[in-house]
Novice: 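One structure, as structure tokens, below. Some questions next.
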Amino acid sequence: MTFAISAEVIDPETLKARLAAARAGACVSFEGWVRDHNDGEPVTALEYETHAELAVKEGEKVLAEACARFDIALAACVHRVGLLKIGECAVWVGASAEHRGAAFDACRYIIDEIKQRLPIWKKEHYANGASAWVNCATPAAPAPARLSAANQTP
Amino acid sequence: MTFAISAEVIDPETLKARLAAARAGACVSFEGWVRDHNDGEPVTALEYETHAELAVKEGEKVLAEACARFDIALAACVHRVGLLKIGECAVWVGASAEHRGAAFDACRYIIDEIKQRLPIWKKEHYANGASAWVNCATPAAPAPARLSAANQTP
Amino acid sequence: MVEVTAQYFAAFRERAGCERERLATRSSTAQELYAELADRHGFLDAAARCKVAINGEMARWDTRLASGDTVLFFPPVAGG
Amino acid sequence: MVEVTAQYFAAFRERAGCERERLATRSSTAQELYAELADRHGFLDAAARCKVAINGEMARWDTRLASGDTVLFFPPVAGG
């Protein structure tokens, strides 16, 4: 039951090998790949930022919840940070179990919770040179000269 | 969308690489591993037999159904045949999609259908030297001297 | 009477002690032939849990047999 | 008045133009401090969609601030 943040390329086979257990007959794994677009906008790269300590703490909590809720043998998750190219693996989740139902349910639970709860942010770089933090209303660009534009409007 | 029967060890990374698509942001894969027991009985090895031609035909039908039902990019499945040891991968299923929901649903649909519909049979070898065909009421042992025991009872 | 080839897999092959056999039968459908062969060889699985293929295609149990047919008997499957 | 350190991540860091800042504030809760800083820096995300951590632990928005606290402001997350 390990969660990790990694600045290096994720290696699914090594991670999956750690889920092996003699009683495990099923292993379900999920990979999140960097797509070439989002909402119709062409994307050239993704940048992930995290608060590693709190992300690991919350990630391990999610894995423990999955173990309590579903009859699984082992589960693990690794999330990348830094600059990723199209097609690279941004997140890997794996769960092994005696029977496949629990492995599917646990894997899905883990990725759903990881996406919602962990302090991880994703910046998209677009073909036109612009960039934006996904899900954020606050613009990526700094406020000019540290003056808040919002404060200047009457 | 390819289904294959393989007498060689399954290599998940090579198979998964074929599911890559620029629009795919999610990949879910399932592996069935040979367990060390079944219904409490210690298992030492598994033997898979198939009618390859009909298994491939039905397997490709299952993959086509998954593509029609779920919004996926690509899907594939490979099933092993022959003698397998504990921990070996007996079946691999993978599905890539723009969003993870469809990838999970398709992967699960494929393995559920593969297990029910394909002409594939599994013989368990037990620690005590016995063996049995899984799901079969008909005993593995040949009827003595090709006389049907069932016919001899009054 | 029709002359057909019966082909056995997995538990059926081991139980029958052969992969295939030619036979002349009064059975008119695949299901009747299965009942006949189950009786002869001691196959214990209900037809409803088994599958049948005729001349290389999956078939229904009520398919009528014709001379020269190759009938494949599949015991309950267990892939995965 | 309490003296706290505010720490920013991702969009908030870029928007504020700094990773952290020390400040004296009349805000009594994390949520009030967020409103104050959002106003100053132009953070446009509702607190309900953001998260806050105090001294290395995730915290509730209604947590009262004490002098010396380090308050981490997390914009809406987007892992995976």
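So you know, we letter chains A, B, ... as the sequences are listed, proteins then strands, and number each from 1.
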Novice: Look at the aromatic rings of Phe30(A) and Phe104(B) and report parallel, tilted or perpendicular, splitting at 30° and 60°.
Specialist: parallel

Novice: With sequence neighbours left out, what residues match Ala97(B) under side-chain contact (heavy atoms from CB on, under 4.5 Å)?
Specialist: Ile72(B), Ala102(B), Ala103(B)

Novice: Could you tell me which of Ala90(B), Gly87(B), Ala24(B), Gly94(B) has the largest number of non-hydrogen atom pairs under 4.5 Å with chain A?
Specialist: Ala24(B)

Novice: Who pairs with Phe3(A) by ring pair (Phe, Tyr, Trp, His ring centres under 6.0 Å), at least two apart in sequence or on another chain?
Specialist: none

Novice: Can you list the donor-acceptor atom pairs spanning chain B and chain A that come in under 3.5 angstrom?
Specialist:
| from | atom 1 | to | atom 2 | distance (Å) |
| --- | --- | --- | --- | --- |
| Lys16(B) | NZ | Glu31(A) | OE2 | 2.3 |
| Ala22(B) | O | Asp36(A) | N | 3.1 |
| Gly25(B) | O | Trp33(A) | N | 2.9 |
| Cys27(B) | N | Glu31(A) | O | 2.9 |
| Cys27(B) | O | Glu31(A) | N | 2.8 |
| Ser29(B) | N | Ser29(A) | O | 2.9 |
| Ser29(B) | O | Ser29(A) | N | 2.9 |
| Ser29(B) | OG | Ser29(A) | OG | 2.9 |
| Glu31(B) | N | Cys27(A) | O | 2.8 |
| Glu31(B) | O | Cys27(A) | N | 2.9 |
| Glu31(B) | OE2 | Lys16(A) | NZ | 2.3 |
| Trp33(B) | N | Gly25(A) | O | 2.9 |
| Asp36(B) | N | Ala22(A) | O | 3.1 |
| His37(B) | NE2 | Glu98(A) | OE2 | 3.1 |
| Glu98(B) | OE2 | His37(A) | NE2 | 3.1 |
| Arg100(B) | NE | Asp112(A) | OD1 | 2.9 |
| Arg100(B) | NH2 | Asp112(A) | OD1 | 2.8 |
| Asp105(B) | OD1 | Arg108(A) | NH1 | 3.0 |
| Arg108(B) | NH1 | Asp105(A) | OD1 | 3.0 |
| Asp112(B) | OD1 | Arg100(A) | NE | 2.9 |
| Asp112(B) | OD1 | Arg100(A) | NH2 | 2.8 |

Novice: What part of Cys89(A) gets closer than 4.5 Å to chain B, counting heavy atoms only: side chain, backbone, both or neither?
Specialist: neither

Novice: Does any heavy atom of chain B fall under 4.5 Å from the side chain of Leu19(A), the backbone, both, or neither of them?
Specialist: both

Novice: Quick check for you: among Ala20(B), Gly32(B), Ala21(B), which has the greatest number of heavy-atom pairs under 4.5 Å with chain A?
Specialist: Ala20(B)

